[in-house]
Each structure stands twice: as C-alpha cells, then as structure tokens.
There are 2 protein chains.
Amino acid sequence: MDKKYSIKDIAQLSGVSVATVSRVINDNGRFSEETRKKVLKVIKETGYQTNFSAKNLRMNKSFSVGILVPDISNYFFATVVQKIEKILFKCGYSTIICNTARDEDKELAYLKMLESKGIDGLIVISGAKAFDINKVSSSSKIPFICIDRKPKDKKNTIFIASDHYQGALDATDSLFNSGSKHPIIATHKHYSSSGADRLRGFKDSLEKHGLPFDTSRNQITLTTENTTIKMEKVLKSQPEIDGIFAINDTVAIEVLSALLKLGKSVPNDIKLIGFDDEPQDKHTYPTLSSVKQDTDRIAQVAVENLIGLINSTGITSESIIIPVELMPRDSTL
Amino acid sequence: MDKKYSIKDIAQLSGVSVATVSRVINDNGRFSEETRKKVLKVIKETGYQTNFSAKNLRMNKSFSVGILVPDISNYFFATVVQKIEKILFKCGYSTIICNTARDEDKELAYLKMLESKGIDGLIVISGAKAFDINKVSSSSKIPFICIDRKPKDKKNTIFIASDHYQGALDATDSLFNSGSKHPIIATHKHYSSSGADRLRGFKDSLEKHGLPFDTSRNQITLTTENTTIKMEKVLKSQPEIDGIFAINDTVAIEVLSALLKLGKSVPNDIKLIGFDDEPQDKHTYPTLSSVKQDTDRIAQVAVENLIGLINSTGITSESIIIPVELMPRDSTL
DNA sequence: TTGTATGCGTTATCAG
DNA sequence: CTGATAACGCATACAA
C-alpha cells in the first residue's frame with residue numbers, strides 16, 4: 001500500500017518477466033492476449049506508474065519541453081503559453097516554464113538547466129535580441145522553434161509570428177479611415193522583432209496616405225511613468241495630432257488614460273487603436289479598437305512543428321505568418 | 001565537439017575515477033585540491049553537464065516541482081506563478097506548469113503525470129473544491145502546499161492565503177466611509193475558498209454598519225455576458241444601491257463598464273471597489289479602488305515552506321495568512 | 001585521498 | 001511468444 005511499484009514487481013506479481021511487462025506497457029513486440037490481460041490487471045491493482053527518470057535515461061528522451069517567455073504576466077504571452085501547454089500535455093509532453101524577464105544571463109542559465117534535464121524540444125517566445133542557441137553549447141542540437149523572435153541562424157529553424165506588419169498597416173489605415181489626418185505611433189522602450197514589424201506597417205500606411213515618416217514627428221516613446229507628461233508636451237508642440245497607433249494595448253490604455261486626463265476626447269479629438277485585443281479593451285471608456293492575434297493557431301502551429309522537429313531528423317527551415325484580425329471599437333469610430 | 005560528455009568521459013580525460021569526478025562535482029567526500037582543479041578544468045573544457053535523468057533515478061529526486069493553477073492568464077495567478085518560478089529556479093528547482101482550467105479530470109491527469117516524473121514537491125493554487133492529494137495515489141507522499149485553496153486533510157499540510165476576509169471587510173468599510181449607505185457585493189459563478197472568505201468579510205462589514213445581509217438583496221451573481229442587463233434590472237428594482245464591492249477586478253471592470261453604459265456616474269451615484277489591484281485599475285476612468293495582495297510574500301512563503309517540507313521528514317501543519325493592502329482610488333472618492 | 005563495484009527502473013537485443 | 005541480460009549515467013558503500 002505504501003510502496004512504489006516497479007516493473008520488476010509487476011513482473012513478479014503477474015508471473016512473467018520484466019521484458020514482457022515492458023512490452024505490454026508499451027504495446028511493443030508480441031505477446032499473447034492472455035498475458036496482456038494478466039499484466040494489465042496487476043498494473044491496475046497496484047497502481048503502477050512508469051518511472052520517467054529511468055525511462056528517460058534509457059531512451060535519452062524526457063517527454064518534456066522547455067518554454068522561454070519574457071513575462072508571463074503579459075496577456076498575450078500568458079495566453080499563448082497556456083494554449084501551448086494544453087496541446088503539449090495532450091501529446092504526452094510536460095512543459096517547463098522559464099520566465100526570462102528579458103534578462104540574457106537568466107536566459108542562458110535556463111537554457112543550461114533545460115539542456116541538463118534533457119528536454120526534447122524548446123519553444124522560445126519573443127525577447128529583445130535574435131535567438132542564438134549556440135551560445136549554450138555547440139554540441140547540443142535541441143530542436144526548437146521561435147515565436148515572435150527571429151532566430152539568429154535563419155537556416156535550420158522554424159519561425160512563427162503573427163502578421164504584425166499587416167496588423168499595424170490595417171490599424172493605421174483604420175485611423176485614416178475614421179478621419180485622422182496626422183496619426184503618430186506610440187512605442188515603449190522594449191524592442192522586439194514584432195515591434196519592428198509593427199513600426200514598418202505604420203510607416204507604410206503613412207506613406208500610402210502621402211505622409212513621409214519622420215521619427216521625431218511621428219513617433220513617441222513612452223515609459224510607464226512619464227506617459228501623461230510626455231503626451232502633454234507632444235500634443236502642445238504638435239496640435240495637429242489626431243490619431244495614435246499604440247504598439248500594444250498596455251501602451252494604448254496608458255495613452256487613453258493620459259488623454260482623458262489632458263481633457264482630450266477619444267475618438268472625437270483623437271482616434272486611438274492598440275494591438276493584442278486584451279479582454280479589458282471591451283471595458284475601457286470608450287472601448288478600445290485593437291488588432292487580434294490568433295493565439296489558438298499560433299499555439300497549434302508551434303506545437304505541431306516542434307513535435308515534427310522532434311520526431312524527424314530532417315531539418316526544416318520555415319517562416320510561418322499567422323493572419324491577424326482588426327477589431328474596431330469605439331476609439332476609432 | 002559534437003558528443004555529449006558523461007562523467008565517465010570526464011574521468012578518463014582527467015585521469016581519475018568516476019567516483020572522484022562525482023565527488024568533485026558534488027563537493028562531497030574528500031579529494032585533493034590538485035585533483036579538484038584537474039577535474040574542474042576538464043569539465044570547463046568539455047562543457048560537461050549533469051544528466052539529470054540519471055541523477056534523478058539514482059537519488060530518487062527530480063529537482064523539479066509541479067504547479068497546479070486554474071488559469072494562468074489571470075493576472076493574480078500569473079504573477080504568483082512567475083514569482084514562485086523565479087525563486088524556485090534560484091534554489092535549483094525547475095517548475096512544471098499545469099493549467100487545470102478548473103477541470104477535475106485534467107487535474108487528476110496532471111497529478112498522475114507529475115507523480116510519474118517524480119516531482120519533489122507540488123504547489124496547488126486555488127480551484128473550486130478542497131484539494132485531496134489522496135485521489136491520485138494513496139501511496140505517494142509528495143510534499144505539497146496550497147495557495148488560496150483549502151486542503152481536504154487539514155492535518156499534515158500547509159495552507160497559504162491572503163487575508164481575503166480582512167481585505168473584503170476593509171473594502172466594504174471604505175464604501176461606507178465614502179458615503180455609501182446600501183452597498184452590494186458582485187460575485188461570479190466560480191466559487192473558491194478565497195471567494196467565500198471575501199463574502200464573509202463583506203457580510204461582517206454590512207452587519208457592523210447595522211445592515212443584515214440578505215443574499216437576494218445584497219448580492220448579485222454575474223457572468224461575463226449578462227453584466228449590463230443584470231445590472232440594469234437590479235438597479236431598477238433596488239434604486240437605493242449606491243456602492244458595489246466586486247469580488248475581483250475583472251468583475252469590477254465589467255461592472256464599471258456596465259454602469260457607465262447605464263448612465264450612472266462613478267463614484268458620484270455609485271461607489272465601486274474591486275480586489276487584486278490589477279495594473280489596469282490605474283487606467284480606468286475613474287481609476288479603480290482595489291485591495292492589493294502581497295504576491296511577493298505569498299511566493300516567498302510558499303517556496304520556503306515547500307522546500308522545508310521537501311528537505312525534512314517532520315510533517316507540519318500550518319495556516320499562513322498574508323496581510324493585504326487597501327488601494328483607494330477615484331472610484332471610492 | 002582515491003578506485004571498484006553495485007544498483008536505481010527502463011528498454012532493447014538476443015536467444016530460446 | 002517469452003525470458004535473461006546489457007546498458008543508460010550517476011552516487012555511494014566498501015576497499016584499498
């Protein structure tokens with residue numbers, strides 16, 4: 001009742017050899033229906049459970065994957081991680097979560113740990129710089145895929161991302177469509193490959209509408225602390241500003257709050273749109289327009305590809321772009 | 001360059017036995033300073049890394065802990081998980097995350113998997129029912145601690161929670177203090193032990209102010225879909241309502257949005273306060289009063305106690321309550 | 001101070 | 001169809 005059963009115990013209890021038990025458990029090799037029943041019965045009765053440490057050691061496989069994420073309290077990251085974990089579990093893998101806090105040293109330390117644990121695969125989500133697995137250990141060939149973060153070595157890797165460019169283009173277009181003549185983009189200090197793509201989309205929409213992009217006039221960089229002050233200054237020196245594309249919803253909501261404090265009306269004075277379609281967008285006042293990423297599909301594609309990588313030796317190189325969806329609400333009416 | 005080194009390789013390369021290498025690595029047993037340097041040098045050069053599967057098998061320890069959480073895209077859960085993971089990593093443990101989605105079957109499946117992997121400990125965060133580890137396997141004695149979720153067997157377990165009762169009491173008091181005469185509580189369908197404590201706090205504040213609690217008059221249950229309709233109905237039949245304590249900030253923000261739609265002014269017509277102090281509270285209009293949980297301390301205490309449990313055989317039973325802090329903002333001015 | 005030998009629980013190879 | 005046994009990489013009791 002209080003002991004942990006091993007395959008050996010099961011063998012003894014059911015009067016067969018350990019080899020046969022292993023065969024039955026893994027449904028591998030041949031054995032009679034009779035022994036199968038016998039063994040399965042004992043397993044049920046004893047509540048036997050595979051010892052994964054042993055199995056891993058023997059098979060050089062761990063049935064677990066690591067996931068590197070900058071900040072799990074971010075809505076988009078949390079949602080993607082959650083969905084990935086769910087699918088992986090269905091496929092028999094467990095997920096080791098690693099919160100890198102955008103710290104390169106931490107990232108390295110995590111990578112080492114994960115390698116030690118013999119993870120079968122790795123998913124890298126976002127982060128400031130291009131991802132270079134060779135920094136950990138040139139010997140290791142852990143299959144990995146990148147989400148929203150370009151790998152350093154573009155060959156031999158899979159890269160998955162939302163169509164940030166198109167989303168930003170659509171978002172900015174929607175500012176114009178709702179009457180804005182002089183939109184700007186609000187970014188924050190963190191720089192990621194997705195952020196760069198969104199900036200490109202903004203620029204191209206601007207130029208499409210006959211406005212040349214100029215960083216000093218069309219872009220503001222905010223930190224959490226200075227939003228209102230900075231906004232006030234900018235709006236004073238450029239009173240023509242009548243639309244803001246925020247690099248994500250967190251920034252958008254800070255901007256919205258600042259605008260209201262400054263007595264500006266959204267969308268009457270200034271149109272506003274964000275990115276990520278966070279749940280609270282529906283509950284701001286006015287409700288916040290945004291661009292929705294297809295996290296279901298991102299997660300699905302990520303896991304499918306990773307498992308493909310794990311099971312096959314053929315190395316692929318691919319860049320997968322997931323479409324996004326514009327979610328117009330009152331802030332761009 | 002492309003091989004994975006084992007302790008045996010290191011032994012050969014440095015001209016000692018595997019036992020000595022093991023001793024040096026674990027700084028265990030005695031060996032000369034000279035051999036130490038020799039071995040360490042080879043380890044550096046080769047980039048040797050411990051094979052944890054083997055170590056785990058031998059030591060019957062996995063240096064990993066599981067964490068059961070209902071929904072990681074919830075701000076409070078995400079924050080706590082993130083902080084726990086960070087501290088655990090510093091202590092040499094990796095964290096296997098399990099998103100139970102409040103589903104008991106999933107929880108069971110996860111528990112089995114975690115047991116198979118030989119996790120050293122378990123952290124259970126919230127969830128609807130009391131937690132009963134015996135459902136997995138009567139044989140297993142995995143040390144575990146509960147956060148925000150009462151364990152079934154109160155003996156032999158550690159329970160950590162914010163002072164939900166006091167927080168709710170303070171929150172409701174603050175409604176009265178800002179002039180509310182007839183506050184109600186807004187809950188949602190999920191029921192947890194923390195939710196029950198918050199409800200108790202609300203009731204006691206009511207009675208303290210001379211109002212007997214009556215479910216049909218002082219409590220409304222919302223779902224995400226029906227908030228505005230339900231609010232309208234309630235406010236029509238009970239126009240005296242002038243204060244709302246929402247069971248958490250997500251509910252509070254939905255309520256706030258509904259109230260604005262219904263033409264009610266917050267805080268002039270109705271005072272409002274939530275729970276959890278989510279970041280967006282600072283950016284709603286008006287800013288949302290709330291009760292802040294000390295996630296740093298919760299995480300710290302949780303890890304400390306779990307590691308204590310793992311390393312000692314002495315079983316403890318304890319209930320640890322972490323103080324909360326009232327965060328008054330404009331919605332209760 | 002160091003080396004030898006054993007076993008942890010599995011799977012896989014090879015006989016039977 | 002089934003059984004004995006080697007091997008995975010490591011820590012440790014025991015010998016030297």
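So you know, we letter chains A, B, ... as the sequences are listed, proteins then strands, and number each from 1.
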ask   = At under 4.0 Å, does any side-chain N or O of B:T20 touch on OP1 or OP2 of C:dT2?
value = no
task = May I ask you to say whether B:E304 pairs ionically with B:K90, meaning some side-chain N is under 4.0 Å from a carboxylate O?
result = no
message = Can you confirm whether or not the ring centre of A:F131 sits under 6.0 Å from the ring centre of A:F144?
response = yes
task = Check the pair A:K117 / A:S64 against side-chain hydrogen bond (donor to acceptor under 3.5 Å, both in side chains), numbers first and verdict last.
result = CA-CA 9 Å; A:K117 294 240 170 182; A:S64 58; over 6 Å; no
key: Crowding at CG, A:N60 (>12 non-hydrogen neighbours, <6.0 Å)   = no
request  = Just call it for A:N26: base, sugar-phosphate, or nothing, with non-hydrogen atoms closer than 4.0 Å on any strand.
outcome  = sugar-phosphate
message = How many whole angstroms separate atom CD1 of A:I7 from atom P of C:dG9?
response = 11 Å
note = Checking D:dT12, C:dT10, D:dG9 against the side chain of A:A54 (C-beta onward), the nearest is C:dT10
message = Between A:K112 and A:E115 (salt bridge meaning N to carboxylate O under 4.0 Å), is one present in this structure?
response = no
inquiry  = If you take any heavy atom closer than 4.0 Å to DNA chain D, which residues from residues 32-42 of chain A end up in contact?
reply    = A:S32, A:T35
inquiry  = Heavy atoms only, 4.0 Å cut-off, all strands: where does A:N56 land among base, sugar-phosphate and nothing?
reply    = nothing
key: Residue closer to the 5' end of DNA chain C, B:A19 versus A:M59 (nearest nucleotide)   = B:A19
ask   = Just how far, in rounded Å, is P of D:dT12 from CG of B:N60?
value = 12 Å
request  = Could you say whether A:K55 or B:V16 is positioned toward the 5' end of DNA chain C, judged by the nucleotide with the nearest heavy atom to each?
outcome  = B:V16
task = With heavy atoms under 4.0 Å as the rule, sort A:N28 into base, sugar-phosphate or nothing.
result = sugar-phosphate
task = Report which part of the nucleic acid B:L57 touches: base, sugar-phosphate, or nothing (heavy-atom distance under 4.0 Å, all strands).
result = base
message = Any base atoms under 4.0 Å from B:F52, or only sugar-phosphate, or nothing? Heavy atoms, all strands.
response = nothing
request  = With the side chain of B:R23 defined as its heavy atoms from C-beta on, choose the nearest nucleotide among D:dC10, C:dG3, C:dC14.
outcome  = C:dG3
request  = Give one of base, sugar-phosphate or nothing for B:T50, where a contact means two heavy atoms less than 4.0 Å apart.
outcome  = sugar-phosphate
Between C:dT1 (C1') and B:F31 (CZ): distance, integer Å = 10 Å
query = Just how far, in rounded Å, is P of C:dG9 from CD1 of A:I25?
reply = 13 Å
Separation between CD1 of B:I7 and CD of B:Q12, rounded to the nearest 0.5 Å = 13.0 Å
task = State whether A:S17 places a side-chain N or O below 4.0 Å from either non-bridging phosphate oxygen (OP1 or OP2) of D:dT2.
result = no
Ring pair (Phe, Tyr, Trp, His ring centres under 6.0 Å) contacts in which one or both residues fall within residues 82-122 of chain A, not counting sequence neighbours = A:F89-B:Y110, A:Y110-B:F89
request  = Starting from P on D:dA13, measure out to CZ on B:R30 and report it in whole angstrom.
outcome  = 14 Å
request  = Ignoring backbone atoms, establish whether B:Y5 has a side-chain N or O less than 4.0 Å from OP1 or OP2 of D:dC10.
outcome  = no
